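Below is one structure; the comments refer to it alone.
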Amino acid sequence: MLGKLKTGEKGRIMNIASADKFVRRRLLDLGIAEGSEVCVKCILPFGGPVMVESCGQCIGIRRKEALRIEVERV
Amino acid sequence: MMNIALIGNPNTGKTSLFNNLTGSYEYVGNWSGVTVEKKVGIFKNGKDQLIDLPGVYTLNPLSKDEGVVTNFFLNEPFEKLLNILDASQLRRNLHLTLQLLEYGAPVIIGLNMLDVAKNRGIQIDIAKLSESLGVNVAPVVARSGKGCDELAELVTAGAVGTGKNNLVYYGKAIEAGILELENKLAGKIKHPVRWLALQLFEGNPYVKNYLETILPIEEIEKLINSVTVDQQQNADSKQALDQVIHRKRSEAIDKIVSAATTKQENKKVPLTEKVDMVVTNKFLGIPIFLVLMYVMFMLTFDWLGFPLSDALDSFLSGPLTSGITAALAAAGASTFIKDLILDGIVAGVGGVLVFVPQIFILFFFISLLEDSGYMARVALVMDRLMESVGLNGKAFIPMMIGFGCNVPGIMAARTIETPKERLMTILLTPLMSCSARLPVYALFVGAFFVEQKAAVVLSLYVLGVVIALILAKVFSKTLLKGETSVFVIELPPYRLPQARALWRSTWDKGKGFVKKAGTFIFAGSVLIWLLAYAGPEGVNVSMDDSYLALLGGIFAPLFAPIGFGTWQASASLFTGFLAKEAIISTMNIIYFVPDEASLQGLLAAHYTPLAAYSFMAFILLYIPCLATVATIYKETGSRRWTAFSIAYALVIAYVLSLVIYQGGRLLGLT
């Protein structure tokens with residue numbers, strides 16, 4: 001799960017289907033979908049959002065959404 | 001004359017380009033969603049119109065500002081499209097371009113941020129890109145204006161090609177669906193059917209509504225269903241239509257991009273990431289934000305702003321006033337005119353203008369936050385806190401902008417995707433202490449809290465934020481239940497703010513304040529002075545017998561329990577509804593003093609420090625100003641919510657001031 005990666009770890013998105021419909025659509029708009037390589041840049045405290053980099057752009061999503069996105073470590 | 005629409009992904013520099021092409025000035029910033037409404041400018045050739053649209057990733061909208069673009073395509077006439085692309089994110093940007101090509105209007109592409117792409121090791125073959133899309137592609141640097149003249153030539157000159165509208169083959173089922181819709185609509189509409197069909201299959205609600213005005217709903221639903229079923233049978237997969245369409249576009253884009261770009265591995269860590277390691281750091285993120293805010297307030301109110309305002313005050317009350325007095329005497333003006341100008345206009349307008357330096361400093365910092373890219377990080381850092389009260393981090397951006405002026409703050413709430421969170425943000429943004437409230441604080445802290453000026457003012461700003469957060473929690477538990485909150489934010493690379501852009505952005509925000517002083521406050525000052533000059537017993541009466549005193553006196557007893565039951569206070573609160581800084585004008589006129597310093601001396605006789613703090617807290621919360629109320633109405637489209645925004649603010653303000661004043665007295669404060 002993307003939410004389980006530690007800062008600096010990289011992964012490839014395997015399955016995004018269980019994320020919130022809206023989050024999925026926005027990630028798709030930003031070019032992040034199954035097969036995209038992502039890297040966790042920063043995790044905010046108290047269960048706050050995670051900052052993820054993909055193809056040179058950074059986005060922030062909530063931890064609970066990140067926990068619904070399946071990734072494999074690379 | 002031609003109408004040319006400027007369109008592109010969020011934060012690709014559309015508005016910068018718009019400003020450079022039209023020579024006008026619109027609001028720019030480094031975060032997604034700066035432009036929430038379309039804006040029209042005239043090209044430097046003086047003929048053609050350029051229309052700046054909000055940034056969108058696709059024509060299928062999720063939020064209200066994105067809907068503006070879809071509506072534009074459905075309902076408004078235009079001749080050409082100018083599509084601006086971020087060269088460093090070509091793949092994502094081309095999704096929109098493909099949809100524009102499907103629409104079939106003439107398109108020209110401006111390729112921006114080639115430098116960012118280069119830093120990332122991406123080289124783009126512009127000729128090849130142009131060839132594969134079938135449209136002209138011109139490189140530009142939107143921020144500096146390089147290449148803009150050539151682009152303007154290209155766009156405004158005669159004929160422009162429409163590009164290739166069949167770059168993507170969507171598979172048998174969808175293509176058949178497009179044909180079927182074409183048959184149904186034959187001759188009934190002017191919009192390109194291929195585009196309409198694809199948007200419909202993608203689930204674009206605006207396009208669906210539009211088609212429902214032409215075809216029966218059942219027929220549309222039937223078409224979507226049959227295409228979905230065909231598609232799933234053909235491809236033997238459960239993918240929804242929008243996913244299929246997106247995938248097909250991605251495949252086409254991959255081909256185009258790999259033919260037109262070369263990429264070298266670049267191992268250098270970009271500066272943006274280094275900065276982000278610090279400012280969004282687990283432990284440092286929030287403290288850094290608070291320290292930045294503190295420095296901003298100290299500079300505005302203490303270190304820099306205060307001495308500047310003081311200097312301006314002594315100029316206005318010294319040389320300027322005596323100059324006007326001498327001029328009036330030389331012109332042989334009557335006592336009435338002299339009093340009107342000196343005690344009415346100079347006191348009223350001058351009293352507000354004194355605060356121009358402080359307001360510009362504040363606006364400068366807000367512009368700096370917006371232009372650098374830090375704003376989106378603030379939203380990220382604050383999301384956890386905002387989530388706990390039922391909002392999301394993005395709501396923090398309208399609130400920060402609200403510190404400058406509530407009106408653009410409320411407009412900025414359009415970028416918030418869920419209607420419930422957007423409404424809450426609209427309702428709560430007026431609690432952010434805007435720059436027009438700043439003069440009131442500056443005046444009162446100067447009179448009562450000389451030692452802790454910045455701290456007292458900061459406490460009011462914090463009070464506004466805390467009340468907003470508490471109310472957000474209350475509203476989301478009571479009035480606005482349901483609907484899950486979501487948060488996805490793009491974090492743009494940092495940019496070193498440019499002096500020119502910063503100054504323009506600061507001036508653009510600040511000029512509104514100066515303009516208001518020259519119009520609204522000017523007229524208000526004349527009116528207030530006349531009300532104070534005349535009374536039931538005639539003109540030139542003692543102030544306590546004037547109409548103003550009469551009006552203020554009716555409501556004064558209401559305010560006695562919260563510490564300021566004088567007719568002067570209630571009269572100024574009335575004018576404060578028109579514009580918050582009018583409170584200062586009114587007081588200057590009522591207390592009949594030449595400058596800020598002597599007004600502060602006089603105030604000490606009418607207020608205790610505790611009452612002064614209670615008054616400031618009341619001003620902070622009591623009512624959104626007239627312009628803000630109008631914006632709330634425009635944005636919510638609801639009289640009920642607009643009335644609610646006024647009513648709840650009044651109640652909260654009264655209760656809080658009561659607690660401050662009576663509580664303070666119980667604790668033995670004065």
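Values below: every heavy atom of this structure, side chains too, minus hydrogens, waters and symmetry copies. Reminder, nothing fancy here: chain letters follow the sequence lines and each chain counts from 1. Small disclaimer: the values here were computed from a predicted structure and weren't measured.
Contacts between B:N9 and chain A at a heavy-atom distance below 4.5 Å are absent for every atom of the residue. If you measure heavy-atom distances from B:N93 to chain A, you find no contacts under 4.5 Å at all. Proximity to chain A (any heavy atom under 4.5 Å) is restricted, for B:E273, to the side chain, taken from C-beta onward. Heavy atoms closer than 4.5 Å to chain A are found nowhere in B:V56, neither backbone nor side chain. Within the 4.5 angstrom heavy-atom criterion, no atom of B:E202 approaches chain A. Within the 4.5 angstrom heavy-atom criterion, no atom of B:H95 approaches chain A.
The most heavy-atom pairs under 4.5 Å with chain A, out of B:E66, B:M277, B:M382, B:R91, come from B:E66. Heavy-atom pairs under 4.5 Å with chain A were tallied for B:Q89, B:R247, B:Q243; the largest tally goes to B:Q89. Counting heavy-atom pairs closer than 4.5 Å to chain B, the top-ranked of the candidates A:L27, A:I59, A:I61, A:V23 is A:I59. Annotation: maximal heavy-atom pairing with chain B below 4.5 Å, among A:T7, A:I32, A:D20, A:L30, occurs at A:L30.
Residue A:M51 is tested with B:V381, B:T280, B:I489 for a side chain to side chain contact (heavy atoms under 4.5 Å, CB included); the sole match is B:T280.
Looking at B:D276 and A:K41, their side chains never come closer than 4.5 Å, going by heavy atoms from C-beta outward.
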Trace of the side chain to side chain contact (heavy atoms under 4.5 Å, CB included) decision for B:E387 with A:K64 = CA-CA 12 Å; B:E387 188 187 6; A:K64 70 167 192 267; 3.5 Å; yes
What do the steps show when you test A:L28 against B:T58 for side chain to side chain contact (heavy atoms under 4.5 Å, CB included), and what is the final call?
-> CA-CA 10 Å; A:L28 202 61; B:T58 132; over 6 Å; no
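Using a cut-off of 4.0 Å between Lys/Arg side-chain N and Asp/Glu carboxylate O, A:R25 and B:E417 are scored as not salt-bridged.
Atom CG of B:D86 sits about 8.5 Å away from atom CD of A:Q57, to the nearest 0.5 Å. Atom CG of B:L62 sits about 9.0 Å away from atom NZ of A:K21, to the nearest 0.5 Å. Once rounded to the nearest 0.5 Å, the distance linking CZ of B:R384 with CZ of A:R63 reads 9.0 Å. A distance of 10.5 Å separates CZ in B:R92 from OG in A:S54, rounded to the nearest 0.5 Å.
By the 6.0 Å contact criterion, NZ on B:K473 is enclosed, its count of non-hydrogen atoms from other residues, nucleotides or ligands being greater than 12.
Annotation: residues 42-49 of chain A contacts chain B through A:C42, A:I43, A:L44, A:P45, A:F46, A:G47, A:G48, A:P49 [non-hydrogen atoms, separation under 4.5 Å].
Smallest separation of non-hydrogen atoms from B:L391 and A:R62: O-NH2, 3.3 Å.
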